[in-house]
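In what follows, a structure is listed as structure tokens, so that the remarks can point back to it.
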Amino acid sequence: MMQFQFRDKYVATEEPIIIGLPHEPTQMSNYEEVDTLLNGQLQAIIKENVLSTEFGAVTTTGVVIQRDYHKVIAVGLGDVSLLDRIRLSEAFGSMFQFLKDTDTIKGQILLDTFPVEVHSAAELLGLMANISVYEFYSYKMDQPPLFSETATFSVTSSIDVKETVSRYGKLGEGINMARNFSETPPNLMTPEVMAGKIAEIFESHPHVTGMVKDENTLESEGYGLITAVGKASHAKPRLVTIEYCHPDAKGHKPVALVGKGITYDTGGYSIKSKTGMPEMKYDMSGAANVVGMLNAISSMSLPVHVIGVVALAENMIDGNAMRPDDVYISYSGQSVEVKNTDAEGRLVLGDAVFHASQYSPSLIMDFATLTGAVVAALGDERTGVFTNKDADFLKPLIEMSEQTGEAVWQLPISDIEEKSVRQSPVADLTNHVEKPGRASFAACFIKQFANGTPWIHFDIAGTGTTTKATPQGPKGSTGVMIHTIVKMFEAGHFHG
């Protein structure tokens, strides 16, 4: 995690001075001070295009203060009236990425130059300092030290923001933790290894208890779907349950977060193509993101009661693998005909969601890289959301996602899908039908296991990873929805 020091006023040091630069610089609350630092030249420097106020642009210049040369780094903020949470996040992301790219590991950030409410600025600073410069610690022989481990910045603000920066740094750490899980190569992140790492992480967290079911327990207790998906691999399946109950939330019904954790997906006998299989290490991103959510919620000591359920399996092929036409009995007792072994995520989620329902939660939310169909429908920048409640039920979630920039879009589940999931002649349910609308079909399949509990399903197949770097971080795993869900808990939207 990046280190910060805090000051209540500017002190002349060797560190570069880092400022936000709005279109109208006089909108900075400390304009006079900054202008004086720059020897009364701020407007002239902007006029001559030395420093840019253009949104997201990062420019530099040098000034002499008390005979010493100082570097000034400015991030353009554009029109202040447009500077909402999303744009401010982008500005901070661009700023930290510039610092990383130029190997600037020290600097004095003058927070009062960012003309927004100071704690909002501090919150997004703490978050973006972690996620925008995320790096996966690779396996290269010459891996240099990570920027976040070497950088130390001072934050200068007339109001004490230390607690705020630190608090939302923990949210950033949760997102990065999820990314680390997702980025790890699949031979090094098997179900057993991942279950062990999760146990290790939460061992020291207050108010957290946990349980891991191994393959023998899963089979003997009737988790027939997780068992079916995981049985062909030498790396056997696991079901991890993490319970966080803050003392202030005792007696509240929990909210359950369920994650699809297919640590590698070959497709099984319905095998993926040679171009479709690479990057299937990311098929446990839903599970990784649930772990990141719980890590942030518990590190931030939110006064809530949460159950995290992570279904871990590797979908491989051997003589013992599940086949199209097989029938398995789920943990809920419903029988399922498998028509496509590559539709395995909904199978493990069926057992995991029904398992979560046993804790009598007020709400179950599941997160999964589930279908290519959701990407066809919504592109790769929107998460598909589905619910067994009416559309109004999703309003607070949609409003929060508009604040965080994690776009969501509701897709339907209706009688069409209800009939489709029941069209097997030999079992209660089928996991696949050969017709369009497959994202809704997959969601409807999982819905059969919610056991009457209010339920929201997030299909993050498009948003769980990104093919290009953004101000939020590099290409690869995104930790999508962690920001939104943690903010929902923080705002008290999920009442037990």
Side-chain angles (χ1 to χ4, degrees), residues 181-182 184-198 212-240 259-288 309-331 334-352 354-355 368-372 424 426-427 429-434 438 442 445-446 449 461:
F181 272 112
S182 294
T184 303
N187 58 321
L188 305 175
M189 190 54 75
T190 61
E192 186 179 4
V193 168
M194 187 159 171
K197 283 190 186 297
I198 294 168
V212 179
K213 291 184 190 286
D214 66 10
E215 74 274 22
N216 299 324
T217 308
L218 289 169
E219 190 162 10
S220 67
E221 292 184 359
Y223 292 80
L225 304 185
I226 294 178
T227 301
V229 172
K231 66 182 178 156
S233 175
H234 290 295
K236 296 301 178 198
R238 295 286 183 272
L239 184 70
V240 183
K260 170 189 171 183
I262 301 297
T263 57
Y264 198 74
D265 185 16
T266 64
Y269 276 115
S270 309
I271 195 165
K272 292 180 183 290
S273 67
K274 68 180 180 191
T275 54
M277 209 182 298
E279 307 223 321
M280 279 300 123
K281 70 174 184 179
Y282 291 120
D283 210 20
M284 37 61 79
S285 294
V309 178
V310 173
L312 302 170
E314 197 176 57
N315 189 21
M316 301 292 278
I317 303 172
D318 76 353
N320 185 41
M322 65 173 174
R323 296 156 293 218
D325 292 341
D326 280 359
V327 172
Y328 297 99
I329 308 299
S330 68
Y331 184 52
Q334 298 170 98
S335 57
V336 175
E337 183 180 21
V338 173
K339 279 296 183 189
N340 179 349
T341 65
D342 193 22
E344 85 301 324
R346 65 200 67 173
L347 296 176
V348 299
L349 283 172
D351 272 355
F354 190 79
H355 170 82
T369 47
L370 208 69
T371 64
S424 168
V426 294
L429 304 169
T430 179
N431 81 329
H432 177 79
V433 289
E434 283 296 342
R438 288 183 191 166
F445 180 89
I446 300 164
F449 300 87

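Side chains are part of it too, since the values below use all heavy atoms of this structure and drop only hydrogens, waters and symmetry mates.
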Going by heavy atoms in the side chains, are Phe181 and Ile198 under 4.5 Å from each other?
yes
My understanding is that only residues two or more places apart in sequence, or in another chain, count here; which of them pass ring-ring contact (aromatic ring centres under 6.0 Å, His included) with Phe354?
Tyr331
Which heavy atom in Ser424 sits nearest to a heavy atom in Thr430, and how many Å separate them?
CB-CB, 4.1 Å
Looking only at non-hydrogen atoms, find the nearest pair between Tyr223 and His355 and report the distance.
OH-ND1, 2.9 Å
With a sphere of 6.0 Å drawn around CD of Gln334, does it hold more than 12 non-hydrogen atoms of other residues, nucleotides or ligands?
yes
Using modelled atom types only, decide if a donor and an acceptor are shared between the side chain of Asn431 and the backbone of Lys339 within a distance under 3.5 Å.
yes
All pairs passing salt bridge (Lys or Arg N to Asp or Glu O under 4.0 Å) where residues 217-236 contributes a residue, at least two apart:
Lys213-Glu221
Among Leu218, Thr263, Asp351, Leu312, which residue satisfies the side-chain contact (heavy atoms from CB on, under 4.5 Å) criterion with Pro237?
Leu218
Hey, does Val348 have a side-chain heavy atom less than 4.5 Å from the side chain of Ile262?
yes
Atom of Gly224, atom of Tyr328 and distance for their closest heavy-atom approach:
O-CB, 4.1 Å
Please report, to 0.1 Å, the donor-acceptor pairs under 3.5 Å made by any side chain of residues 277-286, with sequence neighbours excluded.
| residue | atom | partner | partner atom | Å |
| --- | --- | --- | --- | --- |
| Lys281 | NZ | Glu183 | O | 2.7 |
| Tyr282 | OH | Glu183 | OE1 | 2.8 |
| Tyr282 | OH | Glu183 | OE2 | 3.2 |
| Asp283 | OD1 | Lys260 | NZ | 2.9 |
| Asp283 | OD1 | Thr369 | OG1 | 2.6 |
| Asp283 | OD2 | Lys260 | NZ | 3.2 |
| Ser285 | OG | Ser182 | OG | 3.2 |
| Ser285 | OG | Tyr282 | O | 2.7 |

Got Thr190 and Met194 here, is their nearest side-chain heavy-atom distance under 4.5 Å?
no
Taking it one step at a time, do Glu215 and Thr227 satisfy side-chain contact (heavy atoms from CB on, under 4.5 Å)?
CA-CA 7 Å; Glu215 74 274 22; Thr227 301; over 6 Å; no
Ignoring hydrogens, what is the shortest heavy-atom contact between Ala232 and Ala321? Give both atom names and the distance.
CB-CB, 3.5 Å
Is there a donor-acceptor pair under 3.5 Å between the side chain of Asp326 and the backbone N or O of Arg323?
yes
Which atom of Arg346 lies closest to which atom of Leu370, heavy atoms considered
N-CD1, 3.8 Å
Whether Arg238 side chain and Val212 backbone form a donor-acceptor pair below 3.5 Å
no
Could you tell me which residues satisfy side chain to side chain contact (heavy atoms under 4.5 Å, CB included) with Val327, sequence neighbours excluded, listed by chain and number?
Ser335, Glu337, Val426, Ala427
Distance (rounded to the nearest 0.5 Å) between Asp342 CG and Ile271 CD1:
9.5 Å
N/O donor-acceptor pair under 3.5 Å between Asn340 side chain and His432 backbone
no
List for me each residue that meets side chain to side chain contact (heavy atoms under 4.5 Å, CB included) alongside Ala352, sequence neighbours excluded, and say none if there are none.
Leu239, Val258, Val309, Ala311
Residue set satisfying side-chain hydrogen bond (donor to acceptor under 3.5 Å, both in side chains) with Asp318, at least two apart, ordered chain then number -> none
Trace of the side-chain contact (heavy atoms from CB on, under 4.5 Å) decision for Leu347 with Met322
CA-CA 12 Å; Leu347 296 176; Met322 65 173 174; 3.9 Å; yes
Contacts of Asp214 that satisfy salt bridge (Lys or Arg N to Asp or Glu O under 4.0 Å) - sequence neighbours left out
none
With sequence neighbours excluded, residues passing side-chain hydrogen bond (donor to acceptor under 3.5 Å, both in side chains) with Thr341
Ser270
List for me each residue that meets side-chain hydrogen bond (donor to acceptor under 3.5 Å, both in side chains) alongside Ser220, sequence neighbours excluded, and say none if there are none.
none
Sequence neighbours excluded, which residues qualify as side chain to side chain contact (heavy atoms under 4.5 Å, CB included) partners of Ser233?
Ala235, Glu314, Met316
In this structure, OH of Tyr269 is separated from CD1 of Ile317 (nearest 0.5 Å) by 6.5 Å
So, for Gly259 and Leu349, which heavy atoms are closest and what is the spacing to 0.1 Å?
C-CD2, 4.1 Å
Under the side-chain hydrogen bond (donor to acceptor under 3.5 Å, both in side chains) test, residues paired with Thr184 that sit two or more places apart:
none
I'd like to check the ring-ring contact (aromatic ring centres under 6.0 Å, His included) partners of Phe445; sequence neighbours left out, ordered by chain and number.
Phe449
